[in-house]
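Heads up: the structure comes next, in structure tokens.
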Amino acid sequence: MRTLHWTDRLLAHVDRSLKTMTGTLPANNDFDYESRADELTPEEQAKSRQLMRVNHCGEVCAQGLYHGQMLSARRAATKAHLAHAAEEEQQHLVWCQQRLRELSGQTSYLNPLWYGASFLMGAATGLMGDKVSLGFIAATEEEVCKHLDRHLAELPERDHRTREIIAQMQADEAGHEQAALDEGGASYPAAVKQLMAFQSKLMTSSTRWI
Ligand SMILES: [Fe+2]
Ligand SMILES: [Fe+2]
């Protein structure tokens, strides 16, 4: 098997990042839905579109975070753990991208900005050591689960398809939180979690509209 040169890896990374940010990753069909977007009223579609644009950006952030952390993680076991979670996150991203398309919505223009910020944040926490880095994942996923709860409450009742996607994502995110703690992640103080919640609010409120 040919060993990849670092330039090949860099190009592969740039290609994946661009597709992540622009919502053009190849589609998959591992979700079997019952309802379709055209059964919803225009108002319901608009609401779902708005929330799914935010969730798509959340998954773009997850990619940035994991890509950054994989770059600076120390232990091989941590790198493997991060790679596995990032793969599941990529599935989430594709689900959001597809649903957004069905709802005739578009991805956020702010995706490159949030991807870059998350990548830097991931790489920086990775430099502080695996314990800090895994703890950051746990704290982030905790916040994501709360955020998805709020979205489930806000989503149109009849949009079963979007609900199904969010519920599955929420179950996976809770799994990521627990796995990061089991892998040795540090428990973050409440003040840091509050700061992270504020940053998440900034992302979710901006990408609703832009
Ligand atoms: Fe996710
Ligand atoms: Fe996750």
Side-chain angles (χ1 to χ4, degrees), residues 16-17 19-28 30-31 48 50-71 73 77-101 105 107-108 110-111 114-115 117-119 121-123 125-126 130 132-152 154-155 161-188 193 196-197 199-201 203-204 207-208:
R16 190 177 49 175
S17 308
K19 285 181 177 149
T20 296
M21 289 184 274
T22 53
T24 50
L25 285 164
N28 63 20
D30 47 0
F31 247 95
S48 295
Q50 195 180 45
L51 298 182
M52 282 317 263
R53 182 164 49 245
V54 174
N55 289 323
H56 180 267
C57 182
E59 295 300 336
V60 167
C61 289
Q63 289 298 304
L65 184 65
Y66 280 105
H67 292 168
Q69 285 179 316
M70 277 154 68
L71 199 69
T78 307
K79 278 187 198 275
H81 173 88
L82 293 169
H84 175 72
E87 240 169 71
E88 269 185 14
E89 299 290 7
Q90 189 166 346
Q91 247 180 344
H92 296 174
L93 183 72
V94 173
W95 295 340
C96 290
Q97 175 190 299
Q98 275 177 244
R99 186 58 182 150
L100 203 48
R101 206 167 286 159
T107 54
S108 170
L110 300 176
N111 282 347
W114 286 112
Y115 179 87
S118 304
F119 184 90
M121 189 78 94
T125 54
D130 290 3
V132 174
S133 182
L134 289 164
F136 191 75
I137 292 181
T140 304
E141 298 286 15
E142 186 186 327
E143 182 54 36
V144 173
C145 284
K146 287 185 201 157
H147 151 83
L148 292 177
D149 251 342
R150 290 191 289 269
H151 271 202
L152 282 173
E154 205 180 329
L155 262 178
R161 192 162 186 163
T162 304
R163 288 185 165 276
E164 203 180 335
I165 293 173
I166 293 188
Q168 183 58 58
M169 275 167 38
Q170 195 178 36
D172 291 346
E173 313 303 12
H176 295 159
E177 178 189 352
Q178 193 52 51
L181 291 173
D182 292 346
E183 200 63 32
S187 197
Y188 274 33
K193 285 185 185 173
M196 290 167 72
Q199 193 223 334
S200 148
K201 183 117 188 67
M203 183 280 274
T204 56
T207 48
R208 261 185 198 237

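Whatever order the structure lists them in is the order used to number ligands and atoms, beginning at 1.
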Inset, instruction - Taking atom types as modelled, find out whether E89 and H92 have a side-chain donor-acceptor pair closer than 3.5 angstrom. - result: yes

Legend entry - Passing candidate, side chain to side chain donor-acceptor pair (under 3.5 Å) with H176, options E141, E142, H81: E141

Legend entry - N, O or S from E89 under 2.8 Å to the Fe ion (ligand 2): yes

Legend entry - Side chains of M52 and I165 in contact at under 4.5 Å (non-hydrogen atoms): yes

Legend entry - Contact flag E173/the Fe ion (ligand 2), N/O/S atoms, threshold under 2.8 Å: yes

Inset, instruction - Report yes or no: does H92 have an N/O/S atom closer than 2.8 Å to the Fe ion (ligand 2)? - result: no

Legend entry - N, O or S atom of E141 closer to the Fe ion (ligand 2) than 2.8 Å: yes

Legend entry - Side-chain (N55) to main-chain (L51) donor-acceptor, under 3.5 angstrom: yes

Legend entry - Sidechain N-carboxylate O distance under 4.0 Å for R150, E143: yes

Inset, instruction - Provide the atom name of the closest N, O or S atom of H176 relative to the Fe ion (ligand 2). - result: ND1

